[in-house]
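Residue numbers start at 1 and run along the sequence shown.
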Amino acid sequence: MTSTVKALLRQPHGLHLALATRFMALLAGLTLLTTACKKENEPTPAGTITALAGPDQQVQVGQQVVLDGTASTDSKGKPLTAQWTFVRKPAKSTATLQSPTTLKPTFTPDETGDYELELTVSSETGKSTDKVLITASVAQPLAITANITVKTVLTDRVLNPELPDYIVTKSIAVNHELTINPGVVIAFERDTRLDVNDNGGIIIAKGEASNRIRFVGVEKTKGFWAGIMLYSGSNANVFDYVDVMHTGSRTMLSATKAGLAFFGSSKAQLSLKNTVFTQNDGYGIYVQDGGILREFVANTCSNNTEAGILLNAENVAKLDAASKFTGGNGRNVVEISSSAVKGSPEIVWAGFADKTPYRVTGNGLTVDTGFKLSPGVVLEFARDASMMINSGGYLSAIGTAAGKVVITGATRTAGFWRGIICYSASSQNVLENAELSNAGSTAIVSGKKANLAIYGNQSAFTVKQSLISGSGGYGIFVAYGAKANTDVNTVNTFDGNMQGSLLKE
């Protein structure tokens, strides 16, 4: 009991009662006032915002990381804004965030180690932060140490395209079906090679434009490993979006170095599309006589020590105009081994968009069927090589004023190659809007040197609107019993032929 109340109780009874009544009324008023104030000022529950940066991730170097802050919330449903930043990353990393102000940005780790990122989400309610840890590592390549004797699939294990998924430690034979998935990188130790054998061996290497398959050296230098030897005649063999690099440490076939070699006797065959042969110490591709290019589309041969490709005449027509053979090769030409033009009623050599010339090596070409050179084609011959048009063949070399057909020597000097000898009586033997030059190195027939020799009973050739020049003998030799157009001497231009423009027997 308080002292005030005790004092009131000591007063006379009437006064005591009155004062007590007033005190109780005052106390009741104070209680009502206090209760009313508490009710007016009661706070409402505050909103909350929560940032959630997603779970920690284990990834590979080179693998795109997708961050996920979509679980972040605002208790009042207010729209969120996001901002991601790196808190830390490996010292040498230059990785950057793509779309860092969205809830699902991406980045690609470029070094091993930890990448810690912070997410800040904001709204009218406030802001909140959360962190996530991304740990990047590198998968170790697997060693290929034994021949492929069962159906095998090689998968993309290491996502960084600069690092190998597999290392070939010794030369390997493929005796069964081998499938290589997009993105696979196979690195070869020094002097090793890959043989795809006949009677069971198959190679299916189908990459993608953005995920190529690569055959490379463990050391990325020309001539480090031997290359790929194809003996298999399977029509399932295919390369698509493939790179072949750093080969040529040893000869593969006929004392020839190449990134990829086709064995002729087993009629090895392959479809080649969107494939690059580069930095090989030798040819990019070698197709021996008998080998088969089943398809050849949009391939590139560049920076090889020899020419980009060496193949037989029968496969030349398979080459497409879009493929490229000029670009840092030892010889920016399509080289053709000494062989025969044969097959369908007419074989067409159409030329290339990059203007790469054809160059015939060895003894030259034998023409046993119709042979057409399209406008703009340049056909070169090695020293002392020749073209022989047999009775069952013909040569149609019809250019245009702007796109002449050029037939000449590999070196543009007078008397470099032997020339053309025609035994054919076909009316389709025609040179028109063409340039024929620099032949006559040695006698081509009957002791005569000439750019063009028409020889044999009824053999015939029409030559018009063409330049005949640089022969080591005659421009044109027409033997007894053979014929050329009667105006051959007047409708063409003859220049620099050592023994004269035209000899008719």
All pairs passing side-chain hydrogen bond (donor to acceptor under 3.5 Å, both in side chains) where [range] contributes a residue, at least two apart:
range	result
residues 328-346	Tyr283-Arg331, Tyr283-Glu335, Asn304-Asn329, Glu306-Arg331, Asn329-Asn332, Arg331-Glu335, Glu346-Tyr394
residues 163-177	Asn175-Asn197
residues 143-161	none

Could you pull out the closest heavy-atom pair between [X] and [Y], with the gap in Å?
X	Y	answer
Gly419	Ala439	CA-CB, 3.4 Å
Met387	Leu379	CE-CD2, 3.7 Å
Ala340	Ala313	O-CB, 3.5 Å
Ala385	Trp417	O-CE3, 3.4 Å
Ala317	Ile347	CB-CG2, 4.0 Å
Asn315	Gly291	ND2-O, 2.8 Å

Is there a side-chain contact between [X] and [Y] (heavy atoms, below 4.5 Å)?
X	Y	value
Val65	Pro109	yes
Ile398	Val405	no
Arg212	Val276	yes
Leu311	Leu319	yes
Ile285	Thr275	no
Val478	Val488	no
Lys504	Asn489	no
Leu270	Leu260	yes

So which pairs with a foot in [range] pass salt bridge (Lys or Arg N to Asp or Glu O under 4.0 Å), sequence neighbours left out?
range	answer
residues 218-235	Glu162-Lys220, Arg190-Glu219
residues 314-328	none
residues 260-272	none
residues 371-389	Arg359-Glu380, Glu380-Arg412

Which distance, rounded to the nearest 0.5 Å, do you find between the [atom1] of [X] and the [atom2] of [Y]?
X	Y	atom1	atom2	result
Met252	Lys257	CE	NZ	12.0 Å
Asn312	Tyr286	CG	OH	8.5 Å
Tyr474	Leu452	OH	CG	14.5 Å
Thr112	Lys92	OG1	NZ	10.0 Å
Phe262	Ser232	CZ	OG	10.5 Å
Leu142	Ile167	CG	CD1	9.5 Å

Problem set entry | Set of residues satisfying ring pair (Phe, Tyr, Trp, His ring centres under 6.0 Å) with respect to Phe224, sequence neighbours excluded |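 If we apply the ring pair (Phe, Tyr, Trp, His ring centres under 6.0 Å) test to Phe224, skipping adjacent residues, there are no hits.
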Could you tell me whether a side-chain N or O of [X] sits under 3.5 Å from a main-chain N or O of [Y], the two making a donor and an acceptor?
X	Y	answer
Thr278	Ser302	yes
Ser424	Ile389	no
Ser466	Glu435	no
Asn433	Gly403	no
Ser234	Ala236	yes
Asn211	Glu208	no
Gln288	Gly264	yes
Asp198	Gly233	yes
Asn451	Ile476	no
Arg193	Met229	no

Please tabulate, one pair per line, all N/O donor-acceptor pairs under 3.5 Å involving side-chain atoms of residues 454-465, not counting sequence neighbours.
| residue | atom | partner | partner atom | Å |
| --- | --- | --- | --- | --- |
| Ser459 | OG | Tyr455 | N | 3.4 |
| Ser459 | OG | Tyr455 | O | 3.0 |
| Ser459 | OG | Gly456 | O | 2.7 |

For this session: Pick out which of Ile420, Val367, Leu365 makes a side-chain contact (heavy atoms from CB on, under 4.5 Å) with Leu395.
Result: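 When Ile420, Val367, Leu365 are each tested with Leu395, the side-chain contact (heavy atoms from CB on, under 4.5 Å) holds only for Ile420.
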Exercise. Only one of Ile144, Ile213, Ile148 forms a side-chain contact (heavy atoms from CB on, under 4.5 Å) with Leu154, so which one is it?
Worked result: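 It is Ile144; the other options fail the test.
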Exercise. Does Asp110 have any salt bridge (charged side-chain N to carboxylate O under 4.0 Å, His left out) partners at least two apart in sequence or in another chain, and if so, which?
Worked result: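 Partners of Asp110 under the salt bridge (charged side-chain N to carboxylate O under 4.0 Å, His left out) test: none.
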Exercise. With sequence neighbours left out, what residues match Glu111 under salt bridge (charged side-chain N to carboxylate O under 4.0 Å, His left out)?
Worked result: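 Glu111: no salt bridge (charged side-chain N to carboxylate O under 4.0 Å, His left out) contacts found.
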Exercise. How are the rings of Phe371 and Trp349 set to each other: parallel, tilted or perpendicular (split at 30° and 60°)?
Worked result: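 Ring orientation of Phe371 relative to Trp349: perpendicular.
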Problem set entry | Validation row, ring centre Phe215 to ring centre Phe239 under 6.0 Å |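 Yes, close enough.
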Exercise. Do Phe352 and Tyr358 make the cut of ring centroids closer than 6.0 angstrom?
Worked result: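 Yes; Tyr358 has its ring centre under 6.0 Å from that of Phe352.
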Exercise. Could you walk me through whether Lys206 and Val238 pass the side chain to side chain contact (heavy atoms under 4.5 Å, CB included) check?
Worked result: CA-CA 7 Å; Lys206 298 176 74 172; Val238 59; 3.7 Å; yes
Problem set entry | Heavy atoms of other groups near Met388 CE, more than 12 under 6.0 Å |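 No, the 6.0 Å shell around CE holds no more than 12 heavy atoms from other groups.
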For this session: Would you sort out whether Thr408 and Phe416 count as a side chain to side chain contact (heavy atoms under 4.5 Å, CB included), showing the intermediate values?
Result: CA-CA 9 Å; Thr408 187; Phe416 184 80; over 6 Å; no
Would you be so kind as to tabulate the donor-acceptor pairs closer than 3.5 Å made by side chains of residues 494-503, with sequence neighbours excluded?
| residue | atom | partner | partner atom | Å |
| --- | --- | --- | --- | --- |
| Asn497 | OD1 | Gly470 | N | 3.4 |
| Asn497 | OD1 | Ser471 | N | 3.1 |
| Asn497 | ND2 | Ile468 | O | 3.0 |

